Amino acid sequence: MLGYVIRRLVLAVFVLWGVATAVFAIVRLVPADPALLIAGSDASPEQLATLREKMGLDESIIVQYGKFLGGAMTGDFGDSFQQRVPAMDLIAQVLPNTALLAVLACALALVLSFPLGLLASLRVNGLVDRIVTTGSLFTQALPNFWIGVVLLLVFSRKLKWLPSVGLDSPKNLILPTIVLALPFVSVLTRMIRNGLLEVMGEGYIQTARAKGLLERTVIFPHAIRNAAIPVVTIVGLQFGTLLGGAAVTETVFTFPGIGRLLVLSLQGRDYNVAQACVLVIAAVFVLINLVVDLTYGFLDPRVRLAK
Amino acid sequence: MVRSRKGLAGLAAAATALALALAGCGGGGSGSGDGTSGTRLSDDQQNLTYVLNYGCTSLDPTENFDNCRMQMSTNVFDTLVTLDSKSQPQPKLASSWKWTDPTTLQFKLRTGVTFSDGTPFTSADVKATFDRYIAMKSVLATQLAVVSSYTADDPTTFTIRTSAPTGTLLGVLSMIFIGPEAHVNEDSYWAKPIGTGPFVISDFVANDHITLTRNDTYWGTKANLKTLTFKVVTDTNARITALANGGAQVVAGVTNDQVPTVREMSDVNFSQLPSYTYTFLWFQNNRAPFNDVRVRKALWEALDLQKIVKALLGETADPMTALCPSAAFGCVPPTNAPKHDPENAKKLLAEAGYPNGFSTTIDYSVANTGYDQIIAAMISDWKAIGVTVAPKSDDQATFLKNIASPGDFDMIVNSNLTTTGDADFTLNRLYPCSAKRLGYCNPKLDALLAKARETTDAEQRKPLYQQIANILAEDVPGIGLFENNINVAAKKTVQGLNLTPTENYDWSTVYLTS
């Protein structure tokens with residue numbers, strides 16, 4: 001087991017190094033001059049040169065890369081070009097907001113998908129099953145930003161029930177949580193439905209029924225528990241995706257999260273912030289993956305024995 | 001055929017009328033509400049959010065004079081002098097000033113002023129601030145190039161000497177925001193600067209928001225608002241939604257398609273004012289085929305700007321023929337501007353050696369909402385004279401790289417602000433040979449621009465700017481497309497907001513009623 005953990009950790013370091021190198025290259029390959037964005041198109045060449053020097057962009061790419069990697073190892077990504085505070089400070093301000101949104105979206109998805117999946121599985125191809133499966137395909141096919149804009153128009157603009165911008169009150173969390181949870185609900189519902197159907201055909205369910213247990217007792221402790229194992233994996237992975245992948249939703253709702261910070265820093269060619277955002281998102285994702293795999297190993301001995 | 005623009009007097013009248021409209025039927029300023037306006041909200045509820053379409057990349061106005069920094073600085077700092085709605089200098093940190101000779105300007109400074117941290121304001125602060133602006137070598141430093149020396153003679157006297165008589169100096173000084181001597185030259189101070197103004201910065205996230213709170217030690221009339229948030233929402237629809245659901249009380253940049261929606265809102269006032277913002281097209285004058293004036297003129301004559309602007313921008317903008325907006329001093333329309341004439345345009349192209357037209361590109365930034373449609377309409381006008389133009393939309397960062405000196409584009413469209421409200425600021429910055437922005441150089445224009453800057457008498461400057469406008473219309477280094485109006489929607493509970501053509505409003509007089 002220890003050997004497995006060490007192998008996974010070494011692999012994680014390589015993954016992060018790869019991500020770091022890719023993001024370092026990508027932000028610099030996109031045309032534009034960060035100094036111009038700050039000083040404006042009327043800036044004098046002298047002012048631009050001074051700014052580039054302050055940002056460390058006058059040094060060779062190799063030196064910049066070395067400094068970036070060295071700093072990244074200690075969690076120091078340098079200062080934001082624009083705000084002149086450490087990039088990690090900016091991330092620390094917004095990461096809890098994104099995490100909160102991800103937790104809420106996961107919770108909402110779980111709360112909705114278990115009953116829906118269960119209802120659908122009770123009578124395969126019944127009316128409820130058809131509505132749930134079609135509905136889940138439909139919501140998964142809708143793009144995030146579109147759902148976001150429609151919800152804004154209905155609940156913010158017309159009904160005026162909910163705020164549309166920022167994070168001034170808990171009400172601001174409602175619409176983005178729904179938008180992020182919807183596609184997740186679709187995936188989970190179908191997964192729980194199919195998982196339950198599969199489990200229901202297993203021998204131990206037949207045994208349980210043969211013992212004369214109530215159908216309720218057959219489903220709840222026996223079937224659900226077993227059908228839930230793959231759900232744990234998916235929730236873990238999806239949580240990682242939500243932490244990094246909420247950029248579009250955060251932008252639609254002008255929500256102060258890491259996704260929006262990443263978008264803004266890329267638009268502003270704020271290299272240090274963009275690099276820090278991508279690496280933090282990647283690190284969280286790798287970490288959650290690792291935890292999920294290890295948990296799985298603990299839950300199911302076959303996984304760790306196979307390694 | 002060009003719709004006549006109001007003169008400066010008309011502009012001032014319009015500004016006053018708008019201020020009154022925004023203030024409800026009660027008088028403007030900070031007077032308490034009367035029968036028609038609601039009762040004034042308690043201090044704890046005096047929190048206003050102003051939603052804009054542009055954000056600040058940094059809070060340092062010595063670095064760049066973009067709209068956002070100017071807006072913030074106007075409320076956090078003070079300047080020596082401030083321009084009134086007629087572009088006339090009024091006292092601010094300077095209580096009085098006089099030209100002791102044609103090149104020496106002496107200021108008497110206000111006493112009893114402190115920065116928001118309690119440090120007293122003296123002439124040493126002014127001197128240190130000048131050091132900063134000049135050391136930054138920014139665009140404002142160029143405007144200050146005429147200053148040969150400056151001295152803090154005693155704590156309340158500050159003297160500027162210029163290398164030549166300069167009619168525009170006080171206008172430039174209205175953009176110099178005074179910081180404290182002890183920190184103004186430190187970069188770290190500008191991450192969260194303090195000034196002597198009516199508000200202090202409490203929170204800033206680049207391109208997202210700035211929150212200001214009232215400076216309770218302000219030397220002048222204290223601000224009415226407890227907090228003031230500038231919030232960036234780039235999507236037009238989302239801005240209007242914020243206004244509808246109470247997320248914002250004032251919204252800037254209402255677009256033409258949203259005007260009917262805003263007018264239908266019963267609790268909202270929609271106000272307009274000609275601004276110092278305008279939109280223009282540049283040719284790369286030293287790149288073929290644009291190095292031939294006949295080609296540039298043909299492309300102008302091909303455009304039916306009256307029709308395009310009216311159809312796509314409605315009342316939110318007006319067509320123009322000058323290269324700076326008529327709300328600013330000296331920005332007069334040329335008397336020799338080409339008229340819409342596609343037939344003559346074809347003839348000009350043939351004379352220039354392009355009887356079958358040519359293919360080229362036009363560059364613009366996606367940050368400018370609505371440009372897609374306008375440029376598509378222009379492209380179809382050019383198509384009619386045989387010129388095929390491919391649109392090139394770039395993100396703002398890429399766009400800036402293209403438009404910055406020396407200018408990497410065939411044609412480019414952008415909007416700009418004549419911040420000082422004086423033609424000199426725009427024309428003398430962009431069109432002299434030394435500017436190297438669009439490959440254009442006419443020594444005769446340079447001489448006139450220099451002369452107009454040196455002339456201190458406004459009446460004598462006017463005919464000079466007419467000559468300048470006519471030379472620009474004849475050379476066609478670029479085309480003035482339209483003058484943007486300020487299009488502001490505000491809840492009727494917002495009182496005391498005075499719109500100004502710079503779009504930098506003094507929020508200290510604003511308050512909220514129920």
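In what follows, chains carry the letters A, B, and so on, assigned in the order in which the sequence lines appear, proteins first and then strands, with residues in each chain numbered from 1. Please read these numbers as outputs of a predicted model, since none were measured by experiment.
Residue B:F399 does not touch chain A at all, counting heavy-atom pairs closer than 4.5 Å. Proximity to chain A is limited to the side chain of B:D395, based on heavy atoms less than 4.5 angstrom apart. Of the two parts of A:L153, only the side chain, counted from C-beta on, holds a non-hydrogen atom closer than 4.5 Å to a non-hydrogen atom of chain B. In this structure, the portions of B:D187 lying under 4.5 Å from any heavy atom of chain A include both its backbone and its side chain. The parts of B:N237 that come within reach of chain A are both its backbone and its side chain, each placing non-hydrogen atoms under 4.5 angstrom from that chain.
Residues of residues 49-70 of chain A having a heavy atom under 4.5 Å from any heavy atom of chain B, listed by number: A:L51, A:K54.
One finds the OG atom of A:S41 at 13.0 Å from the NZ atom of B:K401 (value rounded to the nearest 0.5 Å). Interatomic distance, CD of A:Q83 versus CG of B:L59, reported as 8.0 Å (0.5 Å rounding). With rounding to the nearest 0.5 angstrom, the CG atom of B:N416 is 6.5 Å from the CG atom of A:D42. The NZ atom of B:K192 sits 15.0 Å away from the CZ atom of A:R84 when rounded to the nearest 0.5 Å. Taken from CD in A:Q267 to OG1 in B:T57, the straight-line distance is 12.5 Å, to the nearest 0.5 Å.
Of the residues considered (B:A206, B:A135, B:A191), B:A206 shows the highest number of contacts with chain A, using heavy-atom pairs under 4.5 Å. When each of A:L261, A:T251, A:V165 is checked for heavy-atom pairs under 4.5 Å with chain B, A:V165 comes out on top. With chain B as partner, the option from A:K158, A:E46, A:Q93 having the largest number of non-hydrogen pairs under 4.5 angstrom is A:E46. Among the candidates B:L400, B:N402, B:V51, the residue making the largest number of heavy-atom pairs closer than 4.5 Å to chain A is B:L400. Of the listed residues A:G40, A:P163, A:A39, the one with more heavy-atom pairs under 4.5 angstrom with chain B than any other is A:A39.
In summary, A:D168 and B:K231 do not engage in a salt bridge, as defined by a charged side-chain N under 4.0 Å from a carboxylate O.
The backbone N or O of B:S58 sits nowhere less than 3.5 Å from a side-chain atom of A:Q82 that would complete a donor-acceptor pair. For A:Q47 (side chain) and B:E63 (main-chain N/O), a donor-acceptor pair under 3.5 Å exists by modelled atom type. Side-chain N or O atoms of B:N64 include one that pairs as donor or acceptor with a backbone N or O of A:I38 at under 3.5 Å.
In this structure the side chain of A:T254 reaches within 4.5 angstrom of the side chain of B:D208, judged on heavy atoms.
A side-chain hydrogen bond (donor to acceptor under 3.5 Å, both in side chains) with A:R157 is found for one member of B:N245, B:T261, B:T241 and no other, namely B:T241.
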